[in-house]
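Written below as structure tokens is the structure these notes are about.
Only heavy atoms go into these numbers, but all of them, side chains included; no hydrogens, no water, no symmetry mates.
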Amino acid sequence: MEAPGLPPLPDLPPRDPTLTVVHEPPPVDHIGSGPPTYDAEPTALPAADPDDLDDLVADTVLDGARYGSCTLRAVSARGDSARYRGEPRRDSLLTARFGVGDQALLLVAMATGARATPGAHRAAAEACHWIGRAVGRSHARLAEDIRAARRGDLKSGLHRLTDRSLGKLRASAAEQGVEPEEYSATLRCLLLPADPECRTRVFFGVGAGGLFRLRDGAWQDIEPHVADATGEAVVGFGSLPSETPEGDRLTMDLGITTPPSPYEPSPRLSASLEQGGTPVEPPRDPFRFRASVAHPGDTLLLCSGGLAEPLRGEPRLAEHLTARWSNGGPPGLAAFLADTQVRVKGYADDRTAAAVWEA
């Protein structure tokens with residue numbers, strides 16, 4: 001109420017809006033009780049053959065994309081040990097898009113060559129290329145099965161594709177005159193449909209590594225175990241019957257002939273059998289498969305053993321990535337590289353990782 005005889009009070013200017021800054025911890029070089037023994041940056045380059053320069057492998061590769069409701073970041077970097085010793089990166093990374101528009105299918109494939117073998121980097125690259133060709137040639141049918149939630153058909157089809165790719169790797173070993181275990185690789189893949197209406201994410205592969213999901217500020221280790229390597233049923237993503245009672249197929253077959261087993265006896269074992277030895281089947285890694293429906297705000301992380309092991313062994317690394325990735329959306333390529341290269345003492349292998357942020 002204004003006092004009589006006094007001029008009216010001037011209008012007060014509007015208050016400045018409050019600026020809220022989301023706290024995000026800065027990147028760090030290492031986590032743990034102390035810095036790792038090796039230098040933080042590359043030191044020695046691998047030896048080069050002037051007549052085979054295509055065999056050289058870059059220290060680090062970085063990639064990214066955004067399709068539909070997901071944003072992809074992917075990296076593969078030489079580990080501290082290989083950087084110090086001048087050895088090539090044993091990890092290989094392939095990111096590829098097959099098809100166009102909403103019908104496109106994204107593939108992320110990563111492979112790790114056998115430790116202490118001279119052709120490890122070549123074996124890993126071959127494994128990625130073979131699975132890339134196989135998926136690319138069947139991408140339309142795979143994308144259709146993903147959108148239609150035909151989980152059983154996906155599992156069996158991708159199993160055949162993986163067996164075929166690893167079989168070609170073993171054939172390559174035979175051509176080089178080396179034992180299959182000396183020219184082998186793990187293989188881990190993600191399939192991401194570009195269709196914004198489809199949030200199904202498919203993981204498949206063979207060999208050690210990690211599959212993690214950051215949901216509601218907590219990490220979940222969703223790597224399929226050996227006992228359930230074929231994957232568990234998830235709500236909203238079941239497998240339709242393969243055919244109707246009348247015998248009509250509900251999905252097209254992938255059109256891939258069943259390949260020879262990639263675990264056939266090695267030449268050395270075959271020679272042993274010819275001499276009356278006892279047949280011993282080489283150990284086989286189980287095929288791993290998981291299909292799940294992503295939620296808005298999820299971050300899915302697929303990685304090789306070089307990152308999976310410190311994530312499982314050093315809780316502070318998981319806590320750091322939680323703080324970095326829980327707010328503010330997906331990081332840029334440089335920030336993602338810095339996040340995945342946080343070092344932990346005692347872990348010096350190559351690191352390959354692909355992370356998917358869901359809008």
Side-chain angles (χ1 to χ4, degrees), residues 61-76 92-111 128-129 131-151 153-155 157-158 161 187-205 209-215 222 231 234 236-237 251 254 289-304 307 321 324-337 339-340 352-359:
V61 295
L62 190 62
D63 208 351
R66 185 175 64 213
Y67 285 93
S69 61
C70 68
T71 299
L72 171 69
R73 298 287 181 260
V75 65
S76 184
S92 184
L93 173 68
L94 172 70
T95 53
R97 172 179 59 87
F98 302 108
V100 296
D102 290 350
Q103 308 303 311
L105 185 65
L106 311 184
L107 167 69
V108 180
M110 57 185 68
C128 287
H129 289 163
I131 196 64
R133 291 178 184 177
V135 168
R137 290 167 179 167
S138 301
H139 76 271
R141 295 167 184 170
L142 289 170
E144 179 184 347
D145 279 348
I146 292 175
R147 287 192 298 270
R150 296 173 183 139
R151 183 178 181 278
D153 294 296
L154 280 169
K155 185 263 176 182
L158 292 171
L161 290 177
L187 180 62
R188 305 172 63 78
C189 306
L190 271 180
L191 292 179
L192 309 169
D195 186 351
E197 300 301 320
C198 181
R199 286 187 177 269
T200 300
R201 311 295 178 239
V202 177
F203 157 74
F204 68 97
L211 181 66
F212 306 94
R213 180 170 57 206
L214 179 60
R215 176 175 288 177
I222 58 174
V234 294
F237 192 76
T251 182
L254 292 179
F289 173 90
R290 183 177 297 278
S292 59
V293 177
H295 295 179
D298 281 357
T299 300
L300 184 66
L301 175 65
L302 175 68
C303 55
S304 65
L307 182 58
L321 293 182
R324 291 281 299 168
W325 293 353
S326 290
N327 299 301
L333 292 180
F336 180 69
L337 173 62
D339 292 340
T340 54
T352 300
V356 181
W357 276 262
E358 300 290 344

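The closest donor-acceptor contact from the side chain of R147 to the backbone of C198 lies at 3.5 Å or more, if one exists at all. Judged by distance alone, the side chain of R290 and the main-chain N or O of I222 form a donor-acceptor pair under 3.5 Å. Between the side chain of R97 and the backbone N or O of G99 there is at least one donor-acceptor pair closer than 3.5 Å. Put simply, the side chain of S304 gets close to the backbone of T352: a donor and an acceptor are under 3.5 Å apart. Counting only distance, with no hydrogens or angles, the side chain of T340 and the backbone of L337 share a donor-acceptor pair below 3.5 Å.
Classification of R150 and E144 as a salt-bridged pair holds, one side-chain N sitting under 4.0 Å from a carboxylate O.
When all heavy atoms are compared, the tightest approach of P193 to T200 is CD-O, 3.2 Å. Taking both residues in full, the closest heavy atoms of L161 and A134 are given as CD2-CB, 3.6 Å, listed atom of the first, atom of the second, then distance. Considering every non-hydrogen atom in both G132 and L107, the closest pair reads CA-CD2, 3.7 Å. Scanning both residues, G64 and R73, for their nearest heavy atoms gives CA-NH1, 4.1 Å. Nearest heavy atom pair, residue F98 against residue A96, reads CZ-CB, 3.8 Å.
Taking CG of D153 as the start and CG of D145 as the end, the distance is 5.5 Å to the nearest 0.5 Å. We find the OH-CG distance between Y67 and L192 to be 11.5 Å, quoted to the nearest 0.5 Å. M110 contributes atom CE, which lies 4.0 Å from atom CG of L302 (distance to the nearest 0.5 angstrom). Taking CG from L307 and CZ from F212, the interatomic distance works out to 7.5 Å, rounded to the nearest 0.5 Å. Taken to the nearest 0.5 Å, the CG atom of L105 stands 11.0 Å off from the CG atom of D195. Of the inter-residue distances, the one linking H129 atom NE2 with L94 atom CG reads 6.0 Å to the nearest 0.5 angstrom.
Within the 4.5 Å cutoff, side-chain heavy atoms of P296 are placed close to those of R199. Inter-residue side-chain proximity for W357 and P331 is flagged as met; some heavy-atom pair is nearer than 4.5 Å. In this structure, L191 and L158 have side chains that are in contact, with non-hydrogen atoms separated by less than 4.5 Å. L142 has its side chain within reach of V135: a pair of non-hydrogen atoms, C-beta onward, lies under 4.5 Å apart. Counting heavy atoms from C-beta outward, V108 and L106 have side chains that stay 4.5 Å or more apart. No side-chain heavy atom of T299 sits under 4.5 Å from any side-chain heavy atom of L321. Put simply, the side chain of L154 reaches to within 4.5 Å of the side chain of F289, judged on heavy atoms. R213 has its side chain within reach of S292: a pair of non-hydrogen atoms, C-beta onward, lies under 4.5 Å apart.
Residue-environment remark: CZ (R215) exceeds the threshold of 12 foreign heavy atoms within 6.0 Å.
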